[in-house]
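Below, each value reflects all heavy atoms present in this structure, side chains not excepted, and no hydrogens, waters or symmetry copies.
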Amino acid sequence: AEDEVTLLERDMKEFWNQFKFSYGTEQNNQTSALRDLCKETLEALAEKWSKKLKEEDVMIDKIHEYNNEILQQSKYIAEKEEQLTEIRSKLNQEQEQQKNLTDSIEELKQELMKKMEIKSSKNKAAKEKLEQVSKIKTLFEEHLALEMRRIPDEQLQFIFRHIDHKDPDKPYMCTLSINEQGDYEVNSCTPPLDCIAELQLKLRETNNFSAFVANIRKAFTALSYK
């Protein structure tokens, strides 16, 4: 705007110089007409530059409006980017939690499978031991006067007779079961035998059930002579 005012002043000065040079002092009678022409010219120029300045003011206002809109859009984009960052962070946390949960489930699954395999193995071993006992049951009953009974709590009771030569029908009893580890365990012995712990340990080491029963009978027989 300052350059335009300077340009206007320069135009006016050139106009007056040309005016003085062209007409001189002898044209004084035309001064009034020329003054009116000058005035009209100046008014036209003033209107032209006023309009131009107004247009520039409007343009400046538009530029301010555009700058404000750009600033608002920048703030909006910044807010959305911040929200997007938070969402991504939460998503990453949820994915990490999901992975940890999946890993925990897999570990529990593997642990459960191992326990089931161990349990199945123990059940199989217990079943095999019971089958072994059943197979020799008849032999013991026929040759050793031994009676075998299943009693509550998954126990097996052995009733020996023909032990006491004074009273052949007197019962000598021993109760046996299989514990959680799949091992034989003597629960009771009537009358008590001092060597029962040793016989139980030997049975666990050798898994020779027939020898265990025979040794129990020998121990009862030896006790009957005391």
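When side chains are defined from C-beta on, L176 counts as touching F209, because their heavy atoms get closer than 4.5 Å. The closest side-chain heavy-atom distance from L156 to S177 is not below 4.5 Å. When side chains are defined from C-beta on, R161 counts as touching P171, because their heavy atoms get closer than 4.5 Å. Side-chain atoms of N207 and Y184, non-hydrogen and from C-beta on, do get closer than 4.5 Å to each other.
One finds the CD atom of Q200 at 8.5 Å from the CG atom of N187 (value rounded to the nearest 0.5 Å). To the nearest 0.5 Å, the span separating OG on S104 from NZ on K109 amounts to 14.5 Å. In this structure, CD in E94 is found 10.0 Å from OG in S89, a value given to the nearest 0.5 Å. Residue H64 holds its NE2 atom at 8.5 Å from CG of N68, rounded to the nearest 0.5 Å. Rounding to the nearest 0.5 Å gives a distance of 11.5 Å between CD of Q181 and CD1 of I118. Interatomic distance, SG of C174 versus CE of M148, reported as 10.5 Å (0.5 Å rounding).
Considering only residues two or more places apart in sequence or on other chains, K115 meets the salt bridge (Lys or Arg N to Asp or Glu O under 4.0 Å) condition with E111. Under the ring pair (Phe, Tyr, Trp, His ring centres under 6.0 Å) criterion, F220 pairs with F160, Y172, sequence neighbours left out. With sequence neighbours excluded, the residues that form a side chain to side chain donor-acceptor pair (under 3.5 Å) with D103 are K99. Under the salt bridge (Lys or Arg N to Asp or Glu O under 4.0 Å) criterion, D169 pairs with no residue, sequence neighbours left out. Under the salt bridge (Lys or Arg N to Asp or Glu O under 4.0 Å) criterion, K62 pairs with no residue, sequence neighbours left out. With sequence neighbours excluded, no residue forms a side chain to side chain donor-acceptor pair (under 3.5 Å) with E65. Residues satisfying the side chain to side chain donor-acceptor pair (under 3.5 Å) test with T221, not counting sequence neighbours, are none. Applying the side chain to side chain donor-acceptor pair (under 3.5 Å) criterion to S188, with sequence neighbours excluded, gives T175.
At a cut-off of 3.5 Å, with distance as the only test, a side-chain donor of E106 or Q110 sits close to an acceptor on the other residue.
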Item checked: Test side chain to side chain contact (heavy atoms under 4.5 Å, CB included) applied to R149 and F158, step by step -> CA-CA 7 Å; R149 297 177 182 176; F158 299 87; over 6 Å; no
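Pairs passing the side-chain hydrogen bond (donor to acceptor under 3.5 Å, both in side chains) check and including a residue from residues 76-88, sequence neighbours excluded, do not occur. The stretch residues 185-213 participates, sequence neighbours left out, in no salt bridge (charged side-chain N to carboxylate O under 4.0 Å, His left out) pair at all.
Checked against I216 for a side-chain contact (heavy atoms from CB on, under 4.5 Å), the options L193, L203, V186 give a single hit: L193.
Taking a 6.0 Å sphere around CD of E43, one finds it holds more than 12 heavy atoms contributed by other residues, nucleotides or ligands.
Grouping Ile, Leu, Val, Met, Phe, Trp and Tyr residues whose side-chain heavy atoms lie under 4.5 Å apart, directly or via other members, places I63 in a hydrophobic cluster with M59. The other residues sharing a hydrophobic cluster with I159 are M173, where clustering joins ILVMFWY side chains under 4.5 Å apart.
A donor-acceptor pair under 3.5 Å is absent between the side-chain atoms of D164 and the main chain of P168, judged by distance alone.
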